[in-house]
Peer 1: 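Structure in structure tokens, see below.
All heavy atoms count here, side chains included; hydrogens, waters and symmetry mates do not. No experiment lies behind these values; they were computed from the predicted model shown.
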Amino acid sequence: MAKVSFNLNGKPVCCEAEGDEILTDTIRNRFKLTGTKRGCGTGDCGACTVLVDDVAVRSCTMLTGMVEGKSVTTIEGLGTINQLHPVQQAFVDVNAVQCGFCIPGMVLTAYALLKEIPSPTEEEIRIAISGNLCRCTGYQKIIEAIQLASKRMQEKKGL
């Protein structure tokens, strides 16, 4: 077992992890943060998406040791129950959430996109979320939520 130190949702943490332990399992089992979903296990579905240094990554394809010294944000670290992040609020406001399994990964992917491209086109949104599979919504409401979040975040900045 190796000792791994990193920031998790803004707080320094440390754990011991096997060399082949994936980040999804560490987040869910060691830190009890179950918003990160275990889906395909191969990086194809996006359900396990987290932010590592504000970049959306598939936590099922990352070994826990790879986040040594880095900052990891899960859906639990994006907003609070009393103060949702604008991306989370937009998903609620346009009813983009159905079963909810894909939503944590979708929201974190949207967050990373809007951080990189504050006013993305619909095509840029579609490309960004193309690695996140959803079996319920047909994606249109998710796209509308990301567009609404972008608009609100731009208005808040006065742009």
Peer 1: What pair of heavy atoms forms the shortest contact from S150 to S119, and how long is it?
Peer 2: OG-CA, 3.5 Å
Peer 1: Answer with yes or no whether the hydrophobic clustering places L108 together with F101; edges join I, L, V, M, F, W, Y residues whose side-chain heavy atoms lie under 4.5 Å apart.
Peer 2: no
Peer 1: As an exercise, state the distance from CE of M1 to SG of C15, rounded to the nearest 0.5 Å.
Peer 2: 9.0 Å
Peer 1: Linking I/L/V/M/F/W/Y whenever any side-chain heavy atoms sit under 4.5 Å apart, do V50 and Y111 land together?
Peer 2: no
Peer 1: For D44 and T42, which I'm curious about, is there any donor-acceptor pair between the side chains at under 3.5 Å?
Peer 2: yes
Peer 1: If you compare all heavy atoms of L114 against all heavy atoms of P120, which two are closest, and at what distance to 0.1 Å?
Peer 2: CD2-CD, 3.6 Å
Peer 1: Is there a donor-acceptor contact under 3.5 Å from the side chain of E68 to the main chain of S5?
Peer 2: yes
Peer 1: Counting C-beta onward and ignoring hydrogens, is there a side-chain heavy-atom pair between N9 and L33 closer than 4.5 Å?
Peer 2: yes
Peer 1: Grab the two heavy atoms, one from L133 and one from Y139, that are nearest each other, plus how far apart they are.
Peer 2: CA-OH, 3.4 Å
Peer 1: Tell me which one of R30, K32, R38 satisfies salt bridge (Lys or Arg N to Asp or Glu O under 4.0 Å) with D25.
Peer 2: R38
Peer 1: Within the distance-only criterion (no hydrogens, no angle test), does the side chain of S59 pair as donor or acceptor with the backbone N or O of C48 below 3.5 angstrom?
Peer 2: yes
Peer 1: Looking at side-chain heavy atoms only, is the closest gap between M62 and I22 below 4.5 Å?
Peer 2: no
Peer 1: For E123 and T121, does a side-chain donor sit closer than 3.5 Å to a side-chain acceptor?
Peer 2: no
Peer 1: Are V87 and I117 connected, step by step, through hydrophobic side chains (Ile, Leu, Val, Met, Phe, Trp, Tyr) whose heavy atoms are closer than 4.5 Å?
Peer 2: yes
Peer 1: With the 4.5 Å side-chain cut-off for hydrophobic clustering, are V107 and L51 part of the same group?
Peer 2: yes
Peer 1: Checking M66 against F6 for the side chain to side chain contact (heavy atoms under 4.5 Å, CB included) test, could you report, in this order, the C-alpha distance in whole Å, the side-chain angles of both residues, the deciding distance, and whether it holds?
Peer 2: CA-CA 10 Å; M66 296 169 74; F6 59 101; over 6 Å; no
Peer 1: Measure across Q89 and L84 and return the closest heavy-atom pair with its distance rounded to 0.1 Å.
Peer 2: OE1-CD1, 3.4 Å
Peer 1: So, for T73 and L78, which heavy atoms are closest and what is the spacing to 0.1 Å?
Peer 2: CG2-N, 4.3 Å
Peer 1: Side-chain heavy atoms under 4.5 angstrom apart, residues restricted to Ile, Leu, Val, Met, Phe, Trp, Tyr: same cluster for V57 and L63?
Peer 2: yes
Peer 1: Does some side-chain heavy atom of I129 sit less than 4.5 Å from a side-chain heavy atom of I146?
Peer 2: yes
Peer 1: Take atom CD of E116 as the centre, draw a 6.0 Å sphere, and report whether it contains more than 12 heavy atoms from other residues, nucleotides or ligands.
Peer 2: no
Peer 1: Supply the atom-to-atom distance T49 OG1 to K37 NZ, rounded to the nearest 0.5 angstrom.
Peer 2: 12.5 Å
Peer 1: To the nearest 0.5 Å, how far apart are CD in E122 and CD in E144?
Peer 2: 9.0 Å
Peer 1: In the structure I gave you, are the side-chain heavy atoms of R58 and N132 within less than 4.5 Å of one another anywhere?
Peer 2: yes
Peer 1: Is there a side-chain contact between M153 and H85 (heavy atoms, below 4.5 Å)?
Peer 2: yes
Peer 1: Where is the tightest heavy-atom contact between G65 and V4, given as atom of each residue plus distance?
Peer 2: CA-CG2, 4.0 Å
Peer 1: Kindly say whether T34 contributes a backbone atom to a donor-acceptor pair with the side chain of E76 at under 3.5 angstrom?
Peer 2: yes
